[in-house]
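Comments concern the structure below.
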Amino acid sequence: MNRKALFESLEYLDDDLLERSERKVSRRFSLDFSKLAYVLGAFVIVILSVNLILVPMGRKGEKGTDYMAPESSISKEENKNDNGYSKEYMIVNDQNGLVAYVTNEDTAVTSDTRTPGVYETVVHDGVEYHISISCSLEQKQQAQEMAEMIIREYIQGNRLQSGITEYHY
Amino acid sequence: MRDEDIVELYWQRNEQAITETSNKYEKYCYTISYNILGNVEDCHECVNDTWLSTWNSIPPNRPYSLKMYVARIVRNLSFNRYESMTAQKRNNGQMPLVLDELQECIASDSNVEGEVMARELGRSINRFISSLPETEGNVFIRRYFYSEAVKDIARRYGLKANHVAVMLTRCRAKLKDYLKEEGYM
């Protein structure tokens with residue numbers, strides 16, 4: 001056999017094989033749907049992980065309560081609200097495990113019908129302060145006393161320190 | 001115009017068939033011829049001879065695929081012209097490389113004579129290519145039927161030229177083993 005014979009014998013290749021080789025394939029720009037599905041699947045898993053696991057882990061607050069003090073807002077610097085006075089935030093803990101969130105921010109939670117708790121609003125030196133204490137029904141009396149203490153000791157006593165978490169025993 | 005309609009024109013001995021074939025496949029045939037000859041003038045003649053040869057062979061033939069039919073004719077004519085060219089150095093086409101590469105697959109001291117043997121060998125190679133993965137088979141055909149340059153094959157299939165070259169080397173080694181098994185060597 002010589003190479004010419006081999007070359008010439010290719011003349012007898014099937015039309016189907018020759019036609020098949022005519023098709024151009026541009027892999028650089030082709031869309032691989034199986035890979036795309038993997039990528040989309042991974043993306044969905046990441047989104048679900050963030051929403052279902054990481055976000056709840058990042059929240060803090062009393063178990064069984066909906067109101068949770070936004071930790072990030074505690075550490076942020078004071079700034080001015082629309083009324084021109086400084087926004088203030090303070091979290092006060094007591095020995096019974098109650099947590100009070102005290103702020104003069106307009107958007108503060110002033111009442112919550114979903115969970116039992118104490119929500120007080122007082123005006124001191126022309127500034128409206130809101131106190132939010134989430135608690136069970138059994139703790140409502142203690143929470144009320146805690147709110148009165150905060151009004152007396154911190155608001156009227158001018159001891160509010162923005163961004164500070166204070167433990168009151 | 002569809003291939004079937006053009007073939008029908010040939011059967012009616014209508015010269016419009018040549019015009020239609022030329023309109024549809026001139027560029028395609030020219031590319032095949034140029035891959036073999038690498039010379040514009042010779043290509044032009046081969047392509048014109050292809051139309052004449054097609055006219056003379058249909059009827060009695062009624063090709064299933066006119067495209068592949070003219071491809072075979074132009075390849076054949078171009079190869080014959082290539083052989084008749086004594087000064088191989090004038091040649092810029094792929095043929096010296098293609099034939100050298102095919103040499104790897106065969107024993108140099110044996111011989112296959114005649115169209116019958118070539119046809120039988122063609123059938124064997126047909127089976128061989130069908131047994132290859134599709135991309136490998138296609139690359140083999142583009143190289144050894146169409147005599148395309150490696151870089152052009154790579155571009156056609158979105159591969160790197162090195163990848164195509166390696167693929168062809170493996171194909172040739174496989175073909176050599178296959179032809180031994182089939183008793184051609």
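Chain letters run A, B, ... following the sequence lines, proteins first and then strands; every chain starts at 1.
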Counting only heavy atoms from other residues, nucleotides and ligands, does the tally under 6.0 Å from NE2 of A:H124 exceed 12?
yes
Measure the spacing between CG of B:N138 and OG of A:S21 and express it to the nearest 0.5 Å.
5.5 Å
After noting the C-alpha distance and the side-chain angles of B:R142 and A:E22, does the key distance pass the salt bridge (Lys or Arg N to Asp or Glu O under 4.0 Å) rule?
CA-CA 8 Å; B:R142 297 316 300 184; A:E22 293 280 309; 2.9 Å; yes
To the nearest 0.5 Å, what is the distance between CD on A:E11 and CD1 on B:I73?
9.0 Å
Stepwise side chain to side chain contact (heavy atoms under 4.5 Å, CB included) test for A:E8 and B:L121:
CA-CA 9 Å; A:E8 286 177 336; B:L121 179 58; over 6 Å; no
Inter-residue atom distance A:L13.CG - B:I141.CD1, 0.5 Å rounding:
5.5 Å
Please find the pair of heavy atoms, one from B:M68 and one from A:D15, that lie closest to each other, and give the distance.
CB-OD1, 3.5 Å
Between B:Y146 and A:L18, is a side chain to side chain contact (heavy atoms under 4.5 Å, CB included) present by the stated rule, with each step listed?
CA-CA 9 Å; B:Y146 290 99; A:L18 298 179; 4.0 Å; yes
Would you please test B:F79 and A:F7 for ring pair (Phe, Tyr, Trp, His ring centres under 6.0 Å) and show each step?
CA-CA 9 Å; B:F79 184 60; A:F7 182 83; 4.5 Å; yes
Applying a strict 4.5 Å limit to non-hydrogen atoms, the region of B:F128 in contact with chain A is neither
Hydrophobic clusters here meaning ILVMFWY residues chained together by side-chain heavy-atom distances under 4.5 Å, can you tell me if B:L132 and B:V166 are in one?
no
A:Q156, CD atom: more than 12 neighbouring heavy atoms under 6.0 Å
yes
If you group Ile, Leu, Val, Met, Phe, Trp and Tyr by side-chain heavy-atom gaps below 4.5 Å, do B:V70 and B:L52 land in one group?
no
How long is the straight-line distance from CG of A:D14 back to CG of B:N126, given to the nearest 0.5 Å?
4.0 Å
B:S147 versus chain A, heavy atoms under 4.5 Å apart: side chain, backbone, both or neither?
side chain
Nearest heavy-atom neighbours spanning A:Y12 and B:G122:
CB-CA, 4.1 Å
Is B:R127 atom CZ crowded by more than 12 heavy atoms from other residues, nucleotides or ligands, each under 6.0 Å away?
yes
Among B:I125, B:V139, B:L175, B:I153, the residue with the most heavy-atom pairs under 4.5 Å to chain A is B:I125
Hey, are B:Y64 and A:E19 close enough side-chain-wise for a donor-acceptor pair under 3.5 Å?
no
Is there a continuous path of hydrophobic side-chain contacts, each under 4.5 Å between heavy atoms, that joins B:Y28 to B:V40?
yes
